[in-house]
Amino acid sequence: MKDSFGRNIDYLRISLTDRCNLRCVYCMPEEGVPSVGHDNILRMEEYARIVAVAAKMGIRHVRLTGGEPLVRKGCVDLARTIAQTPGIQTVALTTNGVLLPAMAQDLKNAGVTRINLSLDTLDAEQYHQITRRGHLQDALAGLQAALSTGFETVKVNVVAIRSLHQDWVSFARLTIDQPLHVRFIEYMPVGNGLTVAGWGSDDVIPTAQLITTISDACQEAGLGALQPADDHRPPGDGPAKYWQLPGAQGTIGFISSVSDHFCASCNRLRLTADGRIKPCLFSDTEYDVRTAVRSGDEQAVEDVLAQALSGKPKNHAHRVGTARLMNQVGG
Ligand code: SAM
Ligand code: SF4
């Protein structure tokens, strides 16, 4: 399906819940998380019906996210239903990895082929500081489970934040002997500053600068300089630009959500856990598909999706941030 600017929209990111077993400082407040009432959250069969209509309209790829998608009961069954929906070609998952050791095989059997695991540091103390209640060994066990289960692609998402002084080289090393794709993502100051990290726009490290910093650090560590690797892109439509260490099995990607927005090639819509279609991450305009799906009228669902499609803005006009936090909009 095409939007008003001729972009082909074939990707739907679905937030299964706004809840999470962690509290990353840039994503959620520590306490007093404004939780959406149970009745306002889409039921699993409602997600499935919305996806069926979206697939008829041209959605081909679905990513399950959150909050933490794996804390939502029934997520494996939903993944299976979506994977079997006529028209859907791929089902992917974005997770913090904590519950993956117990669930990776079931997810793969259900038809999930791609896993993105969020991990911002390989230092145990810093991991606990960022996630407030997480333990690095759990995330690493999740990563190991993702790799050993044999998903088509496993990517590690690292949000780059200047104040954290993350150890880039240790992430780069992960890509040498494993078919792992590490992607550095520019920090987005979202949620009207509701999180308490105290970070601002100074903490965004522009991709061009980060590539040079990481390449220099890798050279200094004797790993060689980064080389462009867009020919070795991992499968999956993504806005990342890929680089590689000499002889590495995996790649190092960069996503410049802030410094170089990729709106011209945007192919996605988002579905929030409370049943709103968001045509753009950085816009507060939302379309109510929950009422439509609860009316039982398939045409009403199609109408809302069509409205959201035609309401998709050309770009986010340098605005970065929304009134809602990332756990609510499915980052
Ligand atoms: N809980 C899952 C996870 O952490 O992967 C899925 C949801 S989480 C909201 C999705 C992604 O959004 C994660 O990779 C997280 O690091 C990223 N994210 C959250 N807040 C962000 C922010 N302010 N700037 C950049 N990325 C952010
Ligand atoms: Fe939870 Fe993911 Fe947000 Fe961290 S980034 S608080 S793991 S939803």
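The chain is numbered in sequence order, starting from 1. Just follow the structure's listing: the first ligand is 1, and inside any ligand the first atom is 1.
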TODO: For ligand 1, note which part of V159 has a heavy atom under 4.0 Å away: side chain, backbone, both or neither.
DONE: side chain
Open item on the list: If the cut-off is 2.8 Å, does any N/O/S atom of C20 fall short of it from atom 4 (Fe) of ligand 2?
Closed with: no
TODO: Give a yes or no on whether the backbone of V53 and the side-chain of E298 come within a donor-acceptor separation of less than 3.5 Å.
DONE: no
Open item on the list: M188 versus ligand 1: do any nitrogen or oxygen atoms come within less than 3.5 Å of each other?
Closed with: yes
- [ ] Run the salt-bridge test on K56 and E302 with the 4.0 Å N-O cut-off and return the result as yes or no.
- [x] no
TODO: Decide whether an N or O pair under 3.5 Å exists between T95 and ligand 1.
DONE: yes
Open item on the list: Using a plain distance cutoff, I'd like to know if E68 has any nitrogen or oxygen under 3.5 Å from a nitrogen or oxygen of ligand 1.
Closed with: yes
Task: Contacting atoms of ligand 1, where contact means under 4.0 angstrom from a heavy atom of N96 - done: 2 (C), 3 (C), 5 (O)
Task: For the student: nearest non-hydrogen atoms of R23 and R132, plus distance - done: O-NH1, 2.7 Å
Open item on the list: Any N/O/S atom, side chain or main chain, of C27 closer to atom 1 (Fe) of ligand 2 than 2.8 Å?
Closed with: no
Open item on the list: Can you tell me how the ring of F171 sits relative to the ring of F184, calling it parallel under 30°, perpendicular over 60° and tilted otherwise?
Closed with: perpendicular
- [ ] Work out whether the distance between some heavy atom of G67 and some atom of ligand 2 is less than 4.0 Å.
- [x] yes
Task: Test side-chain hydrogen bond (donor to acceptor under 3.5 Å, both in side chains) applied to Y11 and R63, R270, R268, the passing residue - done: R63
Open item on the list: If you measure every N or O of D120 against every N or O of ligand 1, does any of those distances drop under 3.5 Å?
Closed with: no
- [ ] Return yes when G67 approaches ligand 1 closer than 4.0 angstrom through a heavy atom, no otherwise.
- [x] yes
TODO: Give the cluster check for Y242 versus V154: same hydrophobic cluster or not, with ILVMFWY residues linked at side-chain heavy-atom distances below 4.5 Å.
DONE: no
- [ ] Would you mind checking if R49 and E46 are paired as a salt bridge, meaning a charged N to carboxylate O distance below 4.0 Å?
- [x] no
Task: For M28, the ligand 2 atoms whose distance to one of its heavy atoms is below 4.0 Å - done: 6 (S)
Task: Y26, any N or O under 3.5 Å of ligand 1 N or O - done: yes
- [ ] May I ask you to list the atoms of ligand 1 that are less than 4.0 angstrom from any heavy atom of T65?
- [x] 6 (C), 7 (C)
TODO: Please determine, by modelled atom types, if R276 and Y287 share a side-chain donor-acceptor pair under 3.5 angstrom.
DONE: no
- [ ] Would you confirm whether R162, through its side chain, and D202, through its main-chain N or O, come within 3.5 Å as a donor-acceptor pair?
- [x] yes
